[in-house]
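Below: the structure, in C-alpha coordinates.
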Amino acid sequence: MASDSNMANVNGREPVSLNGEPVVKRARENVQLSASLRTPKEPQNKVTVVLGAQWGDEGKGKVVDLLAMDADIVCRCQGGNNAGHTVVVDSVEYDFHLLPSGVLNKKATSFIGNGVVIHLPGLFEEAEKNLHKGKGLQGWEERLKISDRAHIVFNFHQAVDGIQEQQRQQQEGKNLGTTKKGIGPAYSSKAARSGLRVCDLVSDFSVFEDKFRKLAGHYLVMYPNLNINIEEELEQLKGFAERLRPLVTDGVYFMHKALTGPSKKILVEGANAALLDIDFGTYPFVTSSNCTVGGVCTGLGVPPSHVGRVYGVVKAYTTRVGVGAFPTEQDNDIGELLQSRGREFGVTTGRRRRCGWLDLVLVRYAHMVNGFSAIALTKLDILDTLPEIKVGVAYKVDGQPLPSFPANMDVLTRVLVDYETLPGWCCSTETARSFEDLPPQAQNYIRFIEDFLQVPVKWVGVGKSRESMIKLF
(Lines give C-alpha, C1' and ligand atoms only; values in the text may rest on other atoms or scores of the structure.)
Protein backbone atom coordinates (compact mmCIF):
# COMPACT_ATOMS: atom_id res chain seq x y z
CA MET A 1 0.00 0.00 0.00
CA ALA A 2 1.35 3.48 -0.92
CA SER A 3 2.55 5.67 1.93
CA ASP A 4 1.25 9.19 2.64
CA SER A 5 4.52 10.63 1.26
CA ASN A 6 4.12 9.24 -2.23
CA MET A 7 0.31 9.23 -2.52
CA ALA A 8 0.44 12.52 -4.48
CA ASN A 9 2.64 10.91 -7.15
CA VAL A 10 0.36 7.95 -7.92
CA ASN A 11 -0.31 8.27 -11.66
CA GLY A 12 1.02 11.79 -11.34
CA ARG A 13 -2.15 13.07 -9.64
CA GLU A 14 -3.08 14.50 -6.24
CA PRO A 15 -5.07 11.99 -4.13
CA VAL A 16 -8.80 12.61 -4.38
CA SER A 17 -11.84 11.32 -2.52
CA LEU A 18 -14.69 9.41 -4.16
CA ASN A 19 -16.62 12.64 -4.81
CA GLY A 20 -13.64 14.27 -6.54
CA GLU A 21 -12.75 16.67 -3.72
CA PRO A 22 -9.14 16.86 -2.46
CA VAL A 23 -8.41 14.52 0.42
CA VAL A 24 -8.37 16.28 3.80
CA LYS A 25 -5.97 14.51 6.12
CA ARG A 26 -6.98 14.13 9.76
CA ALA A 27 -4.64 15.71 12.27
CA ARG A 28 -2.55 13.20 14.18
CA GLU A 29 -3.70 14.48 17.56
CA ASN A 30 -7.32 13.63 16.71
CA VAL A 31 -6.39 9.96 16.58
CA GLN A 32 -5.38 10.11 20.24
CA LEU A 33 -8.54 11.99 21.21
CA SER A 34 -10.79 9.35 19.64
CA ALA A 35 -8.90 6.36 21.04
CA SER A 36 -11.09 6.24 24.17
CA LEU A 37 -14.19 6.02 21.98
CA ARG A 38 -12.83 2.83 20.45
CA THR A 39 -12.53 1.11 23.80
CA PRO A 40 -15.65 -1.07 24.34
CA LYS A 41 -17.72 0.06 27.30
CA GLU A 42 -19.72 -2.24 29.51
CA PRO A 43 -23.38 -1.19 29.73
CA GLN A 44 -24.14 0.79 32.88
CA ASN A 45 -27.43 -1.01 33.58
CA LYS A 46 -28.94 -4.18 32.16
CA VAL A 47 -32.55 -5.30 32.08
CA THR A 48 -33.72 -8.51 33.73
CA VAL A 49 -36.35 -10.26 31.61
CA VAL A 50 -39.14 -12.64 32.65
CA LEU A 51 -40.69 -14.64 29.80
CA GLY A 52 -43.21 -17.45 29.45
CA ALA A 53 -41.63 -20.65 28.12
CA GLN A 54 -44.81 -22.52 27.09
CA TRP A 55 -48.23 -21.33 25.84
CA GLY A 56 -48.74 -18.71 28.53
CA ASP A 57 -50.42 -18.91 31.94
CA GLU A 58 -47.19 -20.16 33.53
CA GLY A 59 -47.36 -17.82 36.51
CA LYS A 60 -45.14 -15.01 35.22
CA GLY A 61 -46.99 -12.46 37.37
CA LYS A 62 -45.85 -14.19 40.54
CA VAL A 63 -42.21 -14.23 39.44
CA VAL A 64 -42.38 -10.60 38.34
CA ASP A 65 -43.99 -9.64 41.66
CA LEU A 66 -41.11 -11.34 43.47
CA LEU A 67 -38.45 -9.52 41.46
CA ALA A 68 -40.35 -6.23 41.40
CA MET A 69 -40.13 -5.88 45.18
CA ASP A 70 -36.75 -4.15 44.85
CA ALA A 71 -36.93 -3.02 41.21
CA ASP A 72 -36.67 0.62 40.21
CA ILE A 73 -38.46 0.24 36.87
CA VAL A 74 -40.85 -2.50 35.67
CA CYS A 75 -41.69 -2.60 31.94
CA ARG A 76 -44.19 -4.18 29.56
CA CYS A 77 -42.75 -4.51 26.04
CA GLN A 78 -45.43 -6.17 23.86
CA GLY A 79 -48.97 -7.52 23.67
CA GLY A 80 -52.06 -5.83 25.02
CA ASN A 81 -54.95 -6.65 27.30
CA ASN A 82 -55.10 -10.13 25.77
CA ALA A 83 -52.52 -11.04 28.42
CA GLY A 84 -53.50 -11.77 32.00
CA HIS A 85 -51.32 -11.94 35.11
CA THR A 86 -52.62 -12.77 38.57
CA VAL A 87 -50.68 -11.54 41.60
CA VAL A 88 -51.61 -12.30 45.22
CA VAL A 89 -50.35 -9.80 47.82
CA ASP A 90 -51.54 -9.70 51.44
CA SER A 91 -54.25 -12.24 50.54
CA VAL A 92 -55.61 -9.88 47.86
CA GLU A 93 -55.76 -11.27 44.30
CA TYR A 94 -55.03 -8.64 41.65
CA ASP A 95 -55.62 -9.26 37.93
CA PHE A 96 -53.51 -7.31 35.45
CA HIS A 97 -53.87 -7.17 31.68
CA LEU A 98 -52.19 -3.94 30.51
CA LEU A 99 -50.62 -2.63 33.69
CA PRO A 100 -47.24 -4.18 34.55
CA SER A 101 -47.56 -6.44 37.60
CA GLY A 102 -44.80 -4.36 39.19
CA VAL A 103 -47.23 -1.44 39.56
CA LEU A 104 -47.92 -2.82 43.04
CA ASN A 105 -44.44 -1.67 44.08
CA LYS A 106 -45.06 1.92 45.14
CA LYS A 107 -41.34 2.72 44.91
CA ALA A 108 -40.98 1.59 41.30
CA THR A 109 -41.88 3.29 38.04
CA SER A 110 -44.03 1.17 35.74
CA PHE A 111 -43.49 1.63 32.00
CA ILE A 112 -45.66 0.55 29.06
CA GLY A 113 -43.40 0.43 26.02
CA ASN A 114 -43.93 1.20 22.35
CA GLY A 115 -44.41 -2.48 21.48
CA VAL A 116 -47.61 -2.67 23.54
CA VAL A 117 -50.99 -1.96 21.92
CA ILE A 118 -53.25 -0.12 24.36
CA HIS A 119 -57.03 -0.21 24.63
CA LEU A 120 -57.61 2.91 26.71
CA PRO A 121 -61.06 1.99 28.10
CA GLY A 122 -59.53 -1.35 29.14
CA LEU A 123 -56.56 0.35 30.83
CA PHE A 124 -58.60 2.66 33.02
CA GLU A 125 -61.24 0.00 33.76
CA GLU A 126 -58.51 -2.41 34.86
CA ALA A 127 -57.10 0.19 37.23
CA GLU A 128 -60.53 0.92 38.74
CA LYS A 129 -61.32 -2.77 39.31
CA ASN A 130 -58.01 -3.42 41.07
CA LEU A 131 -58.35 -0.25 43.16
CA HIS A 132 -61.52 -1.70 44.67
CA LYS A 133 -59.76 -4.96 45.60
CA GLY A 134 -57.11 -3.53 47.93
CA LYS A 135 -54.67 -0.74 48.63
CA GLY A 136 -51.93 -2.07 46.34
CA LEU A 137 -52.84 0.08 43.36
CA GLN A 138 -53.34 3.39 45.14
CA GLY A 139 -51.49 6.21 43.37
CA TRP A 140 -50.89 4.12 40.24
CA GLU A 141 -51.11 7.11 37.86
CA GLU A 142 -48.23 8.82 39.67
CA ARG A 143 -45.88 5.90 38.99
CA LEU A 144 -46.94 4.87 35.45
CA LYS A 145 -45.26 6.04 32.25
CA ILE A 146 -46.50 5.23 28.73
CA SER A 147 -44.42 5.42 25.55
CA ASP A 148 -45.62 8.04 23.08
CA ARG A 149 -44.92 5.51 20.30
CA ALA A 150 -47.35 2.84 21.58
CA HIS A 151 -50.24 2.08 19.22
CA ILE A 152 -53.88 2.38 20.26
CA VAL A 153 -56.49 -0.40 20.12
CA PHE A 154 -59.87 1.10 19.20
CA ASN A 155 -63.31 -0.33 19.94
CA PHE A 156 -63.75 -1.13 16.25
CA HIS A 157 -60.54 -3.20 16.34
CA GLN A 158 -62.24 -5.37 18.97
CA ALA A 159 -65.44 -5.62 16.91
CA VAL A 160 -63.40 -6.61 13.83
CA ASP A 161 -61.59 -9.27 15.90
CA GLY A 162 -64.95 -10.88 16.69
CA ILE A 163 -66.12 -10.73 13.06
CA GLN A 164 -62.89 -12.30 11.82
CA GLU A 165 -63.21 -15.18 14.27
CA GLN A 166 -66.80 -15.72 13.17
CA GLN A 167 -65.75 -15.77 9.51
CA ARG A 168 -63.01 -18.32 10.19
CA GLN A 169 -65.54 -20.55 11.92
CA GLN A 170 -67.98 -20.29 9.01
CA GLN A 171 -65.41 -20.68 6.24
CA GLU A 172 -63.06 -23.31 7.66
CA GLY A 173 -64.96 -24.73 10.61
CA LYS A 174 -62.23 -23.61 13.00
CA ASN A 175 -61.06 -20.37 14.58
CA LEU A 176 -57.81 -19.12 16.10
CA GLY A 177 -59.22 -18.85 19.60
CA THR A 178 -58.38 -15.16 19.98
CA THR A 179 -59.45 -13.20 23.05
CA LYS A 180 -61.41 -10.80 20.79
CA LYS A 181 -59.60 -7.88 22.45
CA GLY A 182 -58.66 -6.35 19.09
CA ILE A 183 -54.98 -7.17 19.38
CA GLY A 184 -54.54 -8.75 15.93
CA PRO A 185 -56.42 -6.00 14.05
CA ALA A 186 -54.49 -3.29 15.95
CA TYR A 187 -51.13 -4.85 15.05
CA SER A 188 -52.45 -5.20 11.46
CA SER A 189 -53.14 -1.45 11.39
CA LYS A 190 -49.64 -0.87 12.74
CA ALA A 191 -48.02 -3.05 10.07
CA ALA A 192 -50.16 -1.44 7.35
CA ARG A 193 -48.92 1.97 8.56
CA SER A 194 -52.44 3.23 9.10
CA GLY A 195 -52.52 2.84 12.89
CA LEU A 196 -52.68 5.67 15.40
CA ARG A 197 -50.32 6.09 18.32
CA VAL A 198 -50.47 7.65 21.75
CA CYS A 199 -48.45 10.63 20.45
CA ASP A 200 -51.21 11.30 17.91
CA LEU A 201 -53.93 11.31 20.56
CA VAL A 202 -52.19 13.72 22.95
CA SER A 203 -51.16 16.11 20.17
CA ASP A 204 -53.54 18.10 17.90
CA PHE A 205 -56.91 16.40 18.40
CA SER A 206 -58.37 17.74 15.14
CA VAL A 207 -55.58 16.02 13.19
CA PHE A 208 -56.11 12.84 15.24
CA GLU A 209 -59.85 12.99 14.57
CA ASP A 210 -59.32 13.18 10.81
CA LYS A 211 -56.99 10.16 10.85
CA PHE A 212 -59.37 8.22 13.11
CA ARG A 213 -62.30 8.79 10.74
CA LYS A 214 -60.23 7.55 7.79
CA LEU A 215 -59.15 4.42 9.68
CA ALA A 216 -62.71 3.68 10.82
CA GLY A 217 -63.94 4.25 7.25
CA HIS A 218 -61.37 1.77 5.96
CA TYR A 219 -62.74 -0.94 8.26
CA LEU A 220 -66.35 -0.08 7.33
CA VAL A 221 -65.51 -0.70 3.67
CA MET A 222 -63.92 -4.06 4.57
CA TYR A 223 -66.71 -5.06 6.98
CA PRO A 224 -70.03 -3.44 5.96
CA ASN A 225 -71.85 -4.99 8.92
CA LEU A 226 -69.41 -3.47 11.40
CA ASN A 227 -71.16 -1.42 14.07
CA ILE A 228 -69.06 1.71 14.72
CA ASN A 229 -70.27 4.77 16.61
CA ILE A 230 -67.57 7.15 15.43
CA GLU A 231 -68.85 10.23 17.25
CA GLU A 232 -69.24 8.44 20.57
CA GLU A 233 -65.78 6.87 20.43
CA LEU A 234 -64.15 10.18 19.48
CA GLU A 235 -65.80 11.86 22.45
CA GLN A 236 -64.57 9.07 24.71
CA LEU A 237 -61.04 9.34 23.29
CA LYS A 238 -61.00 13.10 23.82
CA GLY A 239 -61.61 12.50 27.54
CA PHE A 240 -58.95 9.79 27.69
CA ALA A 241 -56.44 12.14 26.04
CA GLU A 242 -56.61 14.49 29.04
CA ARG A 243 -56.11 11.65 31.54
CA LEU A 244 -53.35 10.15 29.44
CA ARG A 245 -51.29 13.28 28.75
CA PRO A 246 -49.48 13.42 32.16
CA LEU A 247 -48.46 9.75 31.78
CA VAL A 248 -46.99 9.99 28.28
CA THR A 249 -43.24 10.19 27.74
CA ASP A 250 -40.66 9.74 25.00
CA GLY A 251 -40.05 6.04 25.59
CA VAL A 252 -36.69 5.88 23.84
CA TYR A 253 -35.27 8.75 25.87
CA PHE A 254 -36.85 7.35 29.07
CA MET A 255 -35.18 3.95 28.61
CA HIS A 256 -31.88 5.48 27.50
CA LYS A 257 -31.67 7.55 30.69
CA ALA A 258 -32.58 4.51 32.78
CA LEU A 259 -29.96 2.33 31.11
CA THR A 260 -27.07 4.81 31.05
CA GLY A 261 -27.72 6.78 34.23
CA PRO A 262 -27.15 5.87 37.90
CA SER A 263 -27.42 2.22 38.92
CA LYS A 264 -30.98 0.93 38.57
CA LYS A 265 -32.73 -2.42 38.70
CA ILE A 266 -34.85 -2.67 35.55
CA LEU A 267 -37.30 -5.54 35.11
CA VAL A 268 -39.11 -6.47 31.89
CA GLU A 269 -42.31 -8.47 32.13
CA GLY A 270 -43.12 -10.45 28.99
CA ALA A 271 -46.74 -11.08 28.07
CA ASN A 272 -48.03 -14.29 26.45
CA ALA A 273 -45.21 -16.83 25.87
CA ALA A 274 -42.66 -18.34 23.49
CA LEU A 275 -45.06 -20.76 21.77
CA LEU A 276 -47.45 -17.87 21.12
CA ASP A 277 -44.78 -15.72 19.43
CA ILE A 278 -45.81 -14.51 15.95
CA ASP A 279 -42.54 -15.83 14.45
CA PHE A 280 -41.55 -18.75 16.68
CA GLY A 281 -44.88 -19.96 18.06
CA THR A 282 -47.30 -22.61 16.82
CA TYR A 283 -48.44 -20.45 13.89
CA PRO A 284 -51.21 -19.55 13.07
CA PHE A 285 -52.47 -20.28 16.60
CA VAL A 286 -50.35 -17.52 18.07
CA THR A 287 -50.60 -13.92 19.22
CA SER A 288 -49.66 -10.97 17.00
CA SER A 289 -46.46 -9.80 18.71
CA ASN A 290 -42.96 -11.04 19.49
CA CYS A 291 -43.16 -12.41 23.02
CA THR A 292 -39.66 -13.87 22.92
CA VAL A 293 -36.54 -12.00 23.99
CA GLY A 294 -36.19 -10.04 20.73
CA GLY A 295 -39.45 -8.26 21.55
CA VAL A 296 -37.73 -6.67 24.53
CA CYS A 297 -35.37 -4.73 22.24
CA THR A 298 -37.97 -3.69 19.67
CA GLY A 299 -40.76 -3.13 22.19
CA LEU A 300 -38.80 -0.84 24.51
CA GLY A 301 -35.95 0.55 22.42
CA VAL A 302 -33.35 -1.38 24.42
CA PRO A 303 -30.04 -2.23 22.69
CA PRO A 304 -29.22 -5.99 22.81
CA SER A 305 -26.08 -5.26 24.85
CA HIS A 306 -28.31 -4.08 27.71
CA VAL A 307 -30.22 -7.38 28.00
CA GLY A 308 -29.00 -9.18 31.12
CA ARG A 309 -30.53 -12.22 32.79
CA VAL A 310 -33.45 -13.88 31.00
CA TYR A 311 -35.68 -16.02 33.21
CA GLY A 312 -38.04 -18.54 31.64
CA VAL A 313 -41.19 -19.37 33.58
CA VAL A 314 -42.24 -23.02 33.22
CA LYS A 315 -45.33 -24.59 34.71
CA ALA A 316 -44.66 -28.04 36.22
CA TYR A 317 -47.12 -29.42 33.65
CA THR A 318 -48.41 -27.94 30.37
CA THR A 319 -51.57 -25.97 29.62
CA ARG A 320 -53.03 -24.29 26.58
CA VAL A 321 -56.07 -22.06 26.06
CA GLY A 322 -58.07 -22.37 22.85
CA VAL A 323 -57.32 -24.41 19.77
CA GLY A 324 -54.09 -25.71 18.22
CA ALA A 325 -51.77 -28.72 18.47
CA PHE A 326 -50.90 -29.92 21.96
CA PRO A 327 -48.71 -33.08 21.87
CA THR A 328 -48.76 -33.92 25.62
CA GLU A 329 -52.45 -33.07 26.22
CA GLN A 330 -54.28 -35.48 28.52
CA ASP A 331 -57.94 -35.60 27.55
CA ASN A 332 -58.68 -37.96 30.42
CA ASP A 333 -58.78 -38.18 34.22
CA ILE A 334 -55.21 -36.86 34.51
CA GLY A 335 -56.11 -33.78 32.48
CA GLU A 336 -59.23 -33.26 34.59
CA LEU A 337 -57.23 -33.55 37.82
CA LEU A 338 -54.62 -31.02 36.65
CA GLN A 339 -57.37 -28.67 35.49
CA SER A 340 -59.35 -28.80 38.73
CA ARG A 341 -56.39 -28.77 41.17
CA GLY A 342 -54.63 -26.04 39.19
CA ARG A 343 -57.80 -23.95 38.79
CA GLU A 344 -56.94 -23.69 35.13
CA PHE A 345 -59.16 -20.97 33.77
CA GLY A 346 -57.91 -18.05 31.65
CA VAL A 347 -57.42 -14.77 33.56
CA THR A 348 -58.49 -12.72 30.52
CA THR A 349 -61.26 -14.89 29.04
CA GLY A 350 -62.29 -17.27 31.81
CA ARG A 351 -61.93 -20.14 29.32
CA ARG A 352 -61.03 -23.60 30.58
CA ARG A 353 -57.40 -24.45 29.89
CA ARG A 354 -56.47 -27.74 28.28
CA CYS A 355 -53.96 -29.66 30.43
CA GLY A 356 -51.24 -32.24 29.91
CA TRP A 357 -47.84 -33.51 31.01
CA LEU A 358 -44.77 -31.28 31.03
CA ASP A 359 -43.34 -31.11 27.48
CA LEU A 360 -39.59 -30.60 27.70
CA VAL A 361 -39.13 -30.77 23.92
CA LEU A 362 -41.24 -27.62 23.74
CA VAL A 363 -39.43 -25.91 26.63
CA ARG A 364 -36.02 -26.76 25.15
CA TYR A 365 -37.15 -25.09 21.90
CA ALA A 366 -38.17 -21.99 23.87
CA HIS A 367 -34.70 -21.99 25.46
CA MET A 368 -33.07 -22.13 22.00
CA VAL A 369 -34.88 -18.93 21.03
CA ASN A 370 -34.56 -17.05 24.33
CA GLY A 371 -31.34 -18.31 25.94
CA PHE A 372 -32.70 -18.64 29.46
CA SER A 373 -30.28 -17.86 32.28
CA ALA A 374 -32.45 -19.86 34.70
CA ILE A 375 -35.92 -21.33 35.09
CA ALA A 376 -38.76 -20.53 37.48
CA LEU A 377 -40.76 -23.75 37.90
CA THR A 378 -44.32 -22.96 39.04
CA LYS A 379 -47.29 -24.91 40.41
CA LEU A 380 -45.28 -27.95 41.50
CA ASP A 381 -47.85 -28.51 44.26
CA ILE A 382 -50.53 -29.36 41.68
CA LEU A 383 -48.69 -32.66 41.11
CA ASP A 384 -48.77 -33.57 44.83
CA THR A 385 -51.44 -36.29 44.56
CA LEU A 386 -50.06 -38.18 41.55
CA PRO A 387 -48.38 -41.57 42.19
CA GLU A 388 -46.37 -41.22 38.97
CA ILE A 389 -45.57 -38.30 36.68
CA LYS A 390 -44.72 -38.38 32.99
CA VAL A 391 -42.47 -35.95 31.15
CA GLY A 392 -42.35 -35.56 27.36
CA VAL A 393 -38.73 -35.95 26.18
CA ALA A 394 -38.88 -36.71 22.43
CA TYR A 395 -41.16 -36.45 19.38
CA LYS A 396 -41.74 -39.02 16.66
CA VAL A 397 -43.72 -38.82 13.42
CA ASP A 398 -44.46 -42.00 11.44
CA GLY A 399 -42.05 -43.84 13.71
CA GLN A 400 -39.16 -41.50 12.94
CA PRO A 401 -37.67 -39.21 15.62
CA LEU A 402 -37.92 -35.46 14.97
CA PRO A 403 -34.57 -33.70 15.40
CA SER A 404 -36.21 -30.35 16.23
CA PHE A 405 -39.52 -28.71 17.09
CA PRO A 406 -41.58 -28.63 13.87
CA ALA A 407 -42.72 -25.36 12.27
CA ASN A 408 -45.56 -27.04 10.37
CA MET A 409 -48.68 -27.47 12.51
CA ASP A 410 -49.92 -30.38 10.42
CA VAL A 411 -46.74 -32.22 11.45
CA LEU A 412 -47.13 -31.22 15.11
CA THR A 413 -50.67 -32.63 15.24
CA ARG A 414 -49.30 -36.02 14.13
CA VAL A 415 -46.54 -36.12 16.75
CA LEU A 416 -46.29 -39.05 19.14
CA VAL A 417 -44.48 -38.24 22.37
CA ASP A 418 -41.86 -40.38 24.12
CA TYR A 419 -42.22 -40.06 27.89
CA GLU A 420 -40.02 -40.61 30.91
CA THR A 421 -42.03 -41.80 33.89
CA LEU A 422 -40.92 -40.52 37.29
CA PRO A 423 -42.25 -41.50 40.74
CA GLY A 424 -44.64 -39.04 42.38
CA TRP A 425 -44.42 -37.97 46.02
CA CYS A 426 -48.07 -38.26 47.12
CA CYS A 427 -47.80 -35.66 49.87
CA SER A 428 -48.28 -31.92 50.17
CA THR A 429 -45.46 -29.57 49.21
CA GLU A 430 -47.38 -26.38 50.04
CA THR A 431 -45.56 -25.71 53.31
CA ALA A 432 -42.08 -26.21 51.86
CA ARG A 433 -39.89 -23.11 52.04
CA SER A 434 -36.56 -24.58 50.96
CA PHE A 435 -35.36 -27.20 48.49
CA GLU A 436 -34.54 -29.51 51.37
CA ASP A 437 -38.16 -29.30 52.59
CA LEU A 438 -39.37 -30.91 49.36
CA PRO A 439 -39.85 -34.71 49.19
CA PRO A 440 -36.93 -36.53 47.51
CA GLN A 441 -39.12 -37.44 44.53
CA ALA A 442 -40.00 -33.76 43.98
CA GLN A 443 -36.32 -32.87 44.20
CA ASN A 444 -35.56 -35.53 41.58
CA TYR A 445 -38.29 -34.12 39.31
CA ILE A 446 -36.63 -30.69 39.46
CA ARG A 447 -33.15 -32.16 38.85
CA PHE A 448 -34.49 -34.13 35.87
CA ILE A 449 -35.78 -30.91 34.30
CA GLU A 450 -32.44 -29.16 34.91
CA ASP A 451 -30.44 -32.03 33.41
CA PHE A 452 -32.62 -32.24 30.30
CA LEU A 453 -32.61 -28.51 29.58
CA GLN A 454 -29.09 -27.85 30.88
CA VAL A 455 -30.54 -24.79 32.59
CA PRO A 456 -30.69 -24.34 36.38
CA VAL A 457 -34.01 -24.00 38.22
CA LYS A 458 -33.77 -20.85 40.34
CA TRP A 459 -37.27 -20.81 41.88
CA VAL A 460 -39.93 -23.41 42.58
CA GLY A 461 -43.55 -22.41 43.20
CA VAL A 462 -45.63 -24.49 45.61
CA GLY A 463 -48.61 -22.20 46.18
CA LYS A 464 -50.31 -18.94 45.24
CA SER A 465 -48.59 -16.44 47.48
CA ARG A 466 -45.28 -14.61 47.04
CA GLU A 467 -43.89 -16.54 50.04
CA SER A 468 -44.55 -19.88 48.30
CA MET A 469 -41.79 -19.25 45.74
CA ILE A 470 -38.79 -21.27 46.96
CA LYS A 471 -35.46 -19.79 45.92
CA LEU A 472 -32.85 -22.46 45.17
CA PHE A 473 -29.82 -20.20 44.64
Side-chain angles (χ1 to χ4, degrees), residues 76 78-85 94-101 103 110-133 137-165 178-190 194-203 205 208-209 211-213 215-220 223 226-248 271-272 287-289 346-350:
R76 271 283 306 272
Q78 45 71 225
N81 60 340
N82 58 332
H85 294 167
Y94 298 93
D95 293 331
F96 296 113
H97 303 275
L98 274 166
L99 291 169
S101 302
V103 76
S110 289
F111 178 57
I112 297 177
N114 59 276
V116 180
V117 289
I118 304 171
H119 183 244
L120 294 171
L123 174 68
F124 290 108
E125 183 181 322
E126 175 184 330
E128 290 301 319
K129 281 185 177 178
N130 282 295
L131 274 170
H132 288 115
K133 291 182 177 182
L137 215 65
Q138 286 179 351
W140 67 276
E141 287 176 286
E142 297 170 10
R143 53 184 187 272
L144 178 68
K145 296 292 180 185
I146 298 175
S147 171
D148 53 359
R149 290 173 171 83
H151 277 252
I152 301 172
V153 180
F154 298 113
N155 293 340
F156 59 73
H157 282 133
Q158 297 193 336
V160 165
D161 207 353
I163 292 171
Q164 289 176 343
E165 277 289 81
T178 79
T179 59
K180 300 184 180 68
K181 297 291 185 181
I183 307 304
Y187 276 116
S188 295
S189 293
K190 177 179 178 177
S194 58
L196 288 167
R197 302 187 292 177
V198 166
C199 59
D200 300 311
L201 178 59
V202 299
S203 187
F205 193 80
F208 172 85
E209 180 179 344
K211 292 178 179 178
F212 178 87
R213 290 183 186 277
L215 182 59
H218 165 75
Y219 277 108
L220 278 170
Y223 304 96
L226 185 63
N227 184 17
I228 303 178
N229 190 328
I230 292 177
E231 305 306 324
E232 185 180 292
E233 188 162 1
L234 276 169
E235 191 62 31
Q236 185 187 48
L237 287 164
K238 198 169 189 176
F240 284 137
E242 296 310 310
R243 292 189 68 180
L244 202 61
R245 192 168 281 111
L247 312 180
V248 177
N272 314 113
T287 191
S288 302
S289 63
V347 177
T348 301
T349 63

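Contacts of Tyr223 classified as ring-ring contact (aromatic ring centres under 6.0 Å, His included), with partners at least two apart in sequence or in another chain: none. For Gln138, the side chain to side chain donor-acceptor pair (under 3.5 Å) test picks out no residue, with sequence neighbours left out. Listed by chain and number, the residues in a side chain to side chain donor-acceptor pair (under 3.5 Å) with Asp161 are Thr178 (sequence neighbours excluded). For His157, the ring-ring contact (aromatic ring centres under 6.0 Å, His included) test picks out Phe154, Tyr219, with sequence neighbours left out. Judged as a side-chain contact (heavy atoms from CB on, under 4.5 Å), and not counting sequence neighbours, the contacts of Ala159 are Leu226. The side chain to side chain donor-acceptor pair (under 3.5 Å) test applied to Arg143 returns no partner, not counting sequence neighbours. Every side-chain contact (heavy atoms from CB on, under 4.5 Å) that Lys190 has, sequence neighbours left out, goes to His151, Tyr187. Considering only residues two or more places apart in sequence or on other chains, Asn130 meets the side-chain contact (heavy atoms from CB on, under 4.5 Å) condition with Tyr94, Phe96, Glu126, Lys133, Leu137. Remark: Thr287 engages Asn82 in a side chain to side chain donor-acceptor pair (under 3.5 Å) (not counting sequence neighbours). With sequence neighbours excluded, the residues satisfying salt bridge (charged side-chain N to carboxylate O under 4.0 Å, His left out) with Glu141 are Arg243. Looking at residues two or more places apart in sequence or on another chain, you find a salt bridge (charged side-chain N to carboxylate O under 4.0 Å, His left out) between Arg213 and Glu209, Glu231. By the side-chain contact (heavy atoms from CB on, under 4.5 Å) test, Glu125 pairs with Lys129, sequence neighbours left out.
Between the CG atom of Asn155 and the CD atom of Glu232 there is a distance of 8.5 Å, given to the nearest 0.5 Å. For the atom pair CD1 of Ile118 and CD1 of Ile146, the computed distance is 5.0 Å after rounding to the nearest 0.5 Å. We find the CG-CD1 distance between Leu123 and Ile152 to be 11.0 Å, quoted to the nearest 0.5 Å. Distance CH2/Trp140 to CG/Leu131: 8.0 Å, rounded to 0.5 Å. In this structure, the separation between OG on Ser101 and CG on Asp95 is 10.0 Å, given to the nearest 0.5 Å.
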Original post:
What do the steps show when you test His119 against Lys181 for side chain to side chain contact (heavy atoms under 4.5 Å, CB included), and what is the final call?
Top reply: CA-CA 8 Å; His119 183 244; Lys181 297 291 185 181; over 6 Å; no
**OP:** Tell me, with the steps shown, if Ser203 and Phe208 meet side chain to side chain contact (heavy atoms under 4.5 Å, CB included).
**Re:** CA-CA 8 Å; Ser203 187; Phe208 172 85; over 6 Å; no
**OP:** Run the numbers on Asn272 and Gln78 for side chain to side chain contact (heavy atoms under 4.5 Å, CB included), then give the verdict.
**Re:** CA-CA 9 Å; Asn272 314 113; Gln78 45 71 225; 3.5 Å; yes
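No donor-acceptor pair closer than 3.5 Å links the side chain of Arg245 to the backbone N or O of Leu247. Side chain of Arg76 to main chain of Ser110: no donor-acceptor pair is present (N/O by atom type, distance under 3.5 Å, no hydrogens or angles).
Considering only heavy atoms from C-beta on, Ile230 stays 4.5 Å or farther from Phe156 through its side chain. Counting heavy atoms from C-beta outward, Leu201 and Val248 have side chains that stay 4.5 Å or more apart. With a 4.5 Å cut-off on side-chain heavy atoms, Phe111 and Pro100 do not count as touching.
Shortest non-hydrogen contact noted between Val116 and Ala150 is O-CB, 3.6 Å. In terms of heavy atoms, Leu237 sits closest to Phe205 at C-CE1, 4.2 Å. Across all non-hydrogen atoms, the minimal contact from Ser147 to Gly113 is CB-C, 3.7 Å. Residue Asn81 comes nearest to Gln158 through the heavy atom pair ND2-NE2, 4.3 Å, listed as atom of the first residue, atom of the second, then distance. The two residues Ala186 and Val153 have their closest heavy-atom pair at CB-CG2, 3.7 Å.
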